[in-house]
Amino acid sequence: MDRPNWDEYFMEMARLAARRATCLRRNVGAVLVKDRQILATGYNGAPRGFAHCDETGCLRQQQNVPSGERHEICRGVHAEQNLVAQAAFHGVKAEGAAVYCTNQPCVICAKLLINAGISEIYYSEGYDDPFTMNLLSSSGVRCEKLEI
């Protein structure tokens, strides 16, 4: 029997959440975990009640905006943002929890996760973003790429 370890298990759950994403550029999933229990999940897509990009098209793609730029014109909410929002909506305390995410958080999501009290972030795919990594490190949030 090939039983996954805890990191593999939670990263696979993040990958499963990413399959719900409706972004045309990148599918991202995230899982909030504390004491080996899943507290909330998130994936990138339009705000609740709005049409998704797979229905309307991607404004950033139409304007040839490079990845990581002009987030303000994107109708999508990042997986990490949805994760924190879902936890808050259901009254789940995120302080001291870990986040497993398919992608390294952007700087905006990193700030949000810091303020939510997240203590650890594990991701499977990254960006070359020293500013985000420095911000997380300076705040005491452990951020590690998992090669699984």
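Worth saying up front: this structure is predicted, and the values here are computed from it rather than measured. For the numbers below, each heavy atom of this structure counts, side chains included, while hydrogens, waters and symmetry mates do not. Each residue takes its place number in the sequence, starting with 1.
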Hey, any chance [X] and [Y] share a hydrophobic cluster, counting ILVMFWY side chains that come within less than 4.5 Å of each other, even indirectly?
X    : Y    : result
L16  : M11  : no
I38  : V99  : no
L32  : L112 : yes
V31  : V84  : no
F131 : Y127 : no

To the closest 0.5 Å, what do you measure between [atom1] ([X]) and [atom2] ([Y])?
X    : Y    : atom1 : atom2 : answer
C74  : R60  : SG    : CZ    : 5.5 Å
S119 : R142 : OG    : CZ    : 9.5 Å
I118 : L113 : CD1   : CG    : 5.5 Å
C143 : I121 : SG    : CD1   : 5.0 Å
L146 : F10  : CG    : CZ    : 12.0 Å

Quick check: does any side chain N or O of [X] sit under 3.5 Å from a backbone N or O of [Y], one acting as donor and the other as acceptor?
X    : Y    : result
S139 : I114 : no
R15  : C101 : no
N44  : A21  : no
S137 : M133 : no
N5   : D7   : yes
Q86  : L83  : no

Assess the residue pair M13 and T41 against the criterion (side-chain contact (heavy atoms from CB on, under 4.5 Å)); give the C-alpha distance rounded to whole Å, side-chain angles, the decisive distance to 0.1 Å, and a yes or no. CA-CA 9 Å; M13 297 301 282; T41 62; over 6 Å; no
Specify whether Y9 and W6 have parallel, tilted or perpendicular ring planes, treating 30° as the upper limit for parallel and 60° as the lower limit for perpendicular.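 Y9 vs W6 ring planes: perpendicular.
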Parallel, tilted or perpendicular: rings of H71 and H78 (30°, 60°): perpendicular
Report yes if the side chains of T132 and Q104 come closer than 4.5 Å at any heavy-atom pair, otherwise no. yes
Validation row: R25, Q61 side chains within 4.5 angstrom (heavy atoms):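 The answer is yes, as the side chains (C-beta and beyond) meet within the 4.5 Å cut-off.
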Could you give me the CA-CA distance, side-chain angles and deciding distance for R75 and T56, then say whether side-chain contact (heavy atoms from CB on, under 4.5 Å) is met? CA-CA 10 Å; R75 69 186 293 110; T56 64; 3.7 Å; yes
Exercise: identify the closest heavy-atom pair between [X] and [Y]:
X    : Y    : answer
P105 : A110 : CB-N, 4.1 Å
V77  : P47  : CG2-CG, 3.9 Å
A46  : A51  : CB-O, 3.3 Å
S124 : T102 : OG-O, 2.9 Å
I108 : Q81  : CG2-NE2, 3.7 Å
N103 : E80  : O-OE2, 3.9 Å

Honestly, is R48 close enough over F89, meaning NZ or CZ under 6.0 Å from the six-membered ring centre and within 45° of the axis?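 Flagged: R48 positioned over aromatic ring of F89.
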Kindly check if the number of other-residue, nucleotide or ligand heavy atoms within 6.0 Å of CD (E55) is above 12? yes
Could you go through the side-chain contact (heavy atoms from CB on, under 4.5 Å) check for E120 and V141 one step at a time? CA-CA 5 Å; E120 302 168 300; V141 175; 5.9 Å; no
Between V33 and Y100, is the side-chain contact (heavy atoms from CB on, under 4.5 Å) condition met? List the steps. CA-CA 8 Å; V33 176; Y100 286 80; 3.9 Å; yes
Is there a side-chain hydrogen bond (donor to acceptor under 3.5 Å, both in side chains) between E125 and Y123 once you walk through the steps? CA-CA 6 Å; E125 296 178 32; Y123 65 95; over 6 Å; no
With H52 via ring-ring contact (aromatic ring centres under 6.0 Å, His included) - residues at least two apart: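 Not a single residue meets the ring-ring contact (aromatic ring centres under 6.0 Å, His included) criterion with H52.
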